Each structure stands twice: as structure tokens, then as C-alpha cells.
K.L.:
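Shown below is the structure under consideration.
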Amino acid sequence: MTTLDRPSLASLTSPTPARRLHRPLLATTLAMTALAVFSLCAMAFDDRLLLGESVWLKPLKFAIAMTLYCGTLAWLVSFPHRGQRLTWWMGALFAATAVTDVGFIVVQAARGTFSHFNQQHDAVNTIGQWVFMTGVPGLFLANLVIAVTLSWQRVTDRPTSMAIRAGLGIAVFGMALGYTMGFSGAQQTTDAYGHPVTLGAGHTFMHGQPPVRDGVAGLPVTHWSTAGGDMRIAHFAGLHGIQLLIVAAFVLARLAPSVGWLAAEATRTRLIGVLALGYSGLVALLLWQALRGQPVTRPDGETLTALGLVAAGTAAGVAAVYALSTRARRHAALSAAVPPRGSMPPMSR
């Protein structure tokens, strides 16, 4: 077995002098963690509601999402790679934009009104909406540049590099899905004080386009819609697929010493590729379901059939990887058992 084939986490977990976490992204990760704690505490004492949920729920969800994503990016760009100066600056742009955008969400929560799609004409909201219009493309662009730069390189072992490349691609797609919410149609609602507010769009696609779609009925904790198709589900799944794939690479490396068919690095790389394709199919399915105005809790026959096809395709891919690995191990065992020509001792006379 070659050095590359030995299952090891050393390249992922061992600190080296050449690696240092991206400081702006790390600082943003810590700030978002603190915001998540603050938002949880605020929810306990502030009973104001927007569309049936605490005014502090949106800051909490964004804080958790940014903690995960900024922490992941800080880890990724710390690997030595070509274009490191470019990715450092893109990481700094991502961090600064994330702080600015989430900061506006916090300001609007404190004011008891909406941050997204809000068409009120007061000065704070007008400036904030301009921040969103410029900030969100900045997040997307920075993430895209980092994804493209790292996707053409192998920054660590092959399975984890595959997880990084595929995960960043899925994340770019998931981030782009946020733009689809702008086509869901306007809504008429009220802020936390009962003042009328017009929202230019929303998260939920629903048949008949009722004047209020968001907040009509939702799942516990996340408040994802159970009355229509909620685009936030596909958006969330796409953004955080990279963490799942990296965790999968870690798990496979852990299992490799005790599970023989996972020992080869090539096998684990193929498995990560299969999982990435299957997960991409799931994100596409969630997008399709939301655009049809279908709640995630009430899938119809077409959705269940598509889900079955995604699951079957993923299972078939895993089975194919297992078969290839088994065949390779059997061939290696046979080659080791048959001595090469000329190696037999001469017959005694």
C-alpha cells in the first residue's frame, strides 16, 4: 500500500507551521457564535413577533449558518495552494460582507421589522436594502472565486479534496438559490407593532398567491413552511452540503483501518463523488418541490418517485464502488499468491 493509500487524518488535523486559519473569517466565526448566543437570550425576554415567529429567530438562524460556513472557509483557505493571496482577499471580502449583512438583520430585528424584501421608505430600511443589494452579490462572488480557485487543485488527501471541490460547487449553487425567492411575489403584512409593511417577495411559493404566504404554518424551530413550497430548505441544504461531505471524508478515513474495502484512497474518493452526486440530486429535488408550491411535509407521487430514483442511483453508485474495490483487492491478492516467473527454486537433480 502506498503512502497516499494509507487512511490517515494527519494531513487534516495536524497543525503545521505553513497553516494558519484565515483571521478575518475566524473572527467572523467567533462573532457569529456570540450573536447566536445573544439571539437565544433575546428570544427568552423579547416577545415581539414577525409572521408568528420571534423577531430574533432570523438573526439566530443567520448566525448559526454563518458560524458554520465562515468556519469552514477559514479552514479551507488555510491549506497551502496556488492563488493563496487571491483566496485570502476573497475570504476577507466574504467576512466583511457577512458582518455587514447580518448586522443589518440584527438592526431590523431590534426595530421590530423585516430585513428581507422590506419596501418601507424610512431611512434605515432604505440604506439597509441598498446594503443587501450590494452585499449579497459580494458574498456570492467571493464564494465563487474561492470555489473556482480551489476546485482545480488538490489541497489535501484525495477524498477530502473531492469533498471540498464538490461541496464548494454545491454551496455556490445553494447560495444562488437565494435569488429565486425574489420571484415568489409580493406580500402584505405587519411589523411587530402592527404597522403595515409591504414585502416585495418572500420565502414561500404557494398556489393562488395569497397576500401572506410566509408564516402561515411552519415546522417547529426552523419555521419552514408546511403550507407551501419553502425555498429556504433547498437554499439551506445547498449551502451546508460541504460540511456533510467533509464529515463523510473524515468518517470514511476513520473506518478505513477496520473496513477492508475502504482502505484504498481511490475507493474513498469514488464514494465521496457518489455521495456528492446523490446530495446534488436531493438539493435539485427540494428546489423542484418548492417551485411547485409543495410543502416538504406533503410530497406527492412525483416527488416520492424522484426521491426514490435519487436514493436508488446513490445506492447503485455505492454498490459499484464496492464491486470495483472488491475486484481490485481480489486481483491484488491473486497477484501476491502467484510467484513471478523465474522465482521458483531449481529442481534438485
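Predicted, not measured: the structure shown is a model, and the values here were computed from it.
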K.L.:
Does W130 offer a backbone N or O that forms a donor-acceptor pair with the side chain of T134 under 3.5 Å?
P.N.:
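Yes; at least one donor-acceptor contact below 3.5 Å.
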
K.L.:
For F132 and D101, which heavy atoms make the closest approach, and how far apart are they?
P.N.:
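For F132 versus D101, the nearest heavy atoms are CE2-O, 3.8 Å.
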
K.L.:
Please check if any side-chain donor atom of D46 sits under 3.5 Å from a side-chain acceptor atom of S54, or the reverse.
P.N.:
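The criterion, which ignores hydrogens and geometry beyond distance, is not satisfied for S54 and D46.
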
K.L.:
Which other residues end up in the same hydrophobic cluster as W89, if Ile, Leu, Val, Met, Phe, Trp and Tyr are linked when side-chain heavy atoms come under 4.5 Å apart?
P.N.:
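W88, listed by chain and number.
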
K.L.:
Are there more than 12 heavy atoms of other residues, nucleotides or ligands under 6.0 Å from atom CZ of R82?
P.N.:
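No, because the 6.0 Å sphere around CZ of R82 holds 12 heavy atoms or fewer from other groups.
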
K.L.:
Near Y322 OH, under 6.0 Å, is it more than 12 heavy atoms from other residues, nucleotides or ligands?
P.N.:
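It does not: Y322 OH has 12 such atoms or fewer within range.
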
K.L.:
Write down the atom of T28, the atom of C70, and the distance for their closest heavy-atom approach.
P.N.:
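Of all heavy-atom pairs spanning T28 and C70, the closest is CG2-SG, 3.8 Å.
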
K.L.:
Could you tell me whether the side chain of M32 reaches within less than 4.5 Å of the side chain of V102, counting heavy atoms only?
P.N.:
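Contact flag for V102/M32 side chains = yes.
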
K.L.:
If we ignore hydrogens and angles and just use 3.5 Å, is the side chain of R213 paired with the main-chain N or O of G229 as donor and acceptor?
P.N.:
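No, R213 side chain to G229 backbone: no donor-acceptor pair under 3.5 Å.
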
K.L.:
Do the charged groups of R111 and D122 touch, with an N to O distance under 4.0 Å?
P.N.:
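Looking at D122 together with R111, the answer is yes, because their closest N to O distance falls below 4.0 Å.
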
K.L.:
What's the shortest heavy-atom distance between R154 and R165, and which atoms?
P.N.:
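The answer is CA-NH1, 4.3 Å.
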
K.L.:
Counting N and O atoms only, with roles assigned by atom type, does the side chain of D214 sit under 3.5 Å from a partner on the main chain of G202, one being a donor and the other an acceptor?
P.N.:
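It does not hold such a pair.
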
K.L.:
For the rings on F62 and H116, is their centre-to-centre separation under 6.0 Å?
P.N.:
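Ring-ring flag for F62/H116: true, centres closer than 6.0 Å.
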
K.L.:
Return yes if some donor-acceptor pair links the side-chain N/O of H235 with the main-chain N/O of G174 below 3.5 Å, else return no.
P.N.:
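Yes, because the side chain of H235 sits within donor-acceptor range (under 3.5 Å) of the backbone of G174.
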
K.L.:
For the residue pair L150 and F79, establish whether any side-chain heavy-atom pair is separated by less than 4.5 Å.
P.N.:
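Of all side-chain heavy-atom pairs linking F79 with L150, none is under 4.5 Å.
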
K.L.:
For the backbone of V310 and the side chain of T314, can you confirm whether one donor and one acceptor N or O come within less than 3.5 Å of each other?
P.N.:
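Side chain of T314 to backbone of V310: a pair is present.
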
K.L.:
Are F183 and F205 near enough that their ring centres are under 6.0 Å apart?
P.N.:
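No: the rings miss the under 6.0 Å criterion.
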
K.L.:
Please enumerate all residues that pass salt bridge (Lys or Arg N to Asp or Glu O under 4.0 Å) together with R270, with sequence neighbours excluded.
P.N.:
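Salt bridge (Lys or Arg N to Asp or Glu O under 4.0 Å) list for R270, sorted by chain: empty.
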
K.L.:
So, for T29 and T67, which heavy atoms are closest and what is the spacing to 0.1 Å?
P.N.:
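For T29 versus T67, the nearest heavy atoms are CG2-O, 3.6 Å.
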
K.L.:
For atom CZ of F45, is the number of surrounding heavy atoms from other residues, nucleotides or ligands below 6.0 Å larger than 12?
P.N.:
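Check fails, neighbour count at 12 or below.
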
K.L.:
R268 side chain to P159 main-chain N or O, any donor-acceptor pair under 3.5 Å?
P.N.:
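No, R268 side chain to P159 backbone: no donor-acceptor pair under 3.5 Å.
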
K.L.:
Is V124 isolated, or which residues cluster with it under the ILVMFWY side-chain rule of less than 4.5 Å, directly or via members?
P.N.:
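The other cluster members (ILVMFWY side chains, heavy atoms under 4.5 Å, direct or chained) are V107.
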
K.L.:
Side chains of Q188 and T198: donor-acceptor distance under 3.5 Å anywhere?
P.N.:
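Q188 vs T198: donor-acceptor pair found between side chains.
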
K.L.:
With a 3.5 Å distance limit and no angle check, can you tell me whether N125 reaches the backbone of Q120 through a side-chain donor-acceptor pair?
P.N.:
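Flag set: sc N125 to bb Q120 pair under 3.5 Å.
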
K.L.:
How are the rings of H240 and Y69 set relative to one another: parallel (under 30°), tilted (30 to 60°) or perpendicular (over 60°)?
P.N.:
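Ring orientation of H240 relative to Y69: perpendicular.
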
K.L.:
Return yes if some donor-acceptor pair links the side-chain N/O of K58 with the main-chain N/O of A109 below 3.5 Å, else return no.
P.N.:
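A pair under 3.5 Å: no.
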
K.L.:
Counting N and O atoms only, with roles assigned by atom type, does the side chain of Y279 sit under 3.5 Å from a partner on the main chain of A237, one being a donor and the other an acceptor?
P.N.:
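Yes.
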
K.L.:
Of the non-hydrogen atoms in I164 and I242, which two are nearest, and what is the gap between them?
P.N.:
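Of all heavy-atom pairs spanning I164 and I242, the closest is O-CD1, 4.3 Å.
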
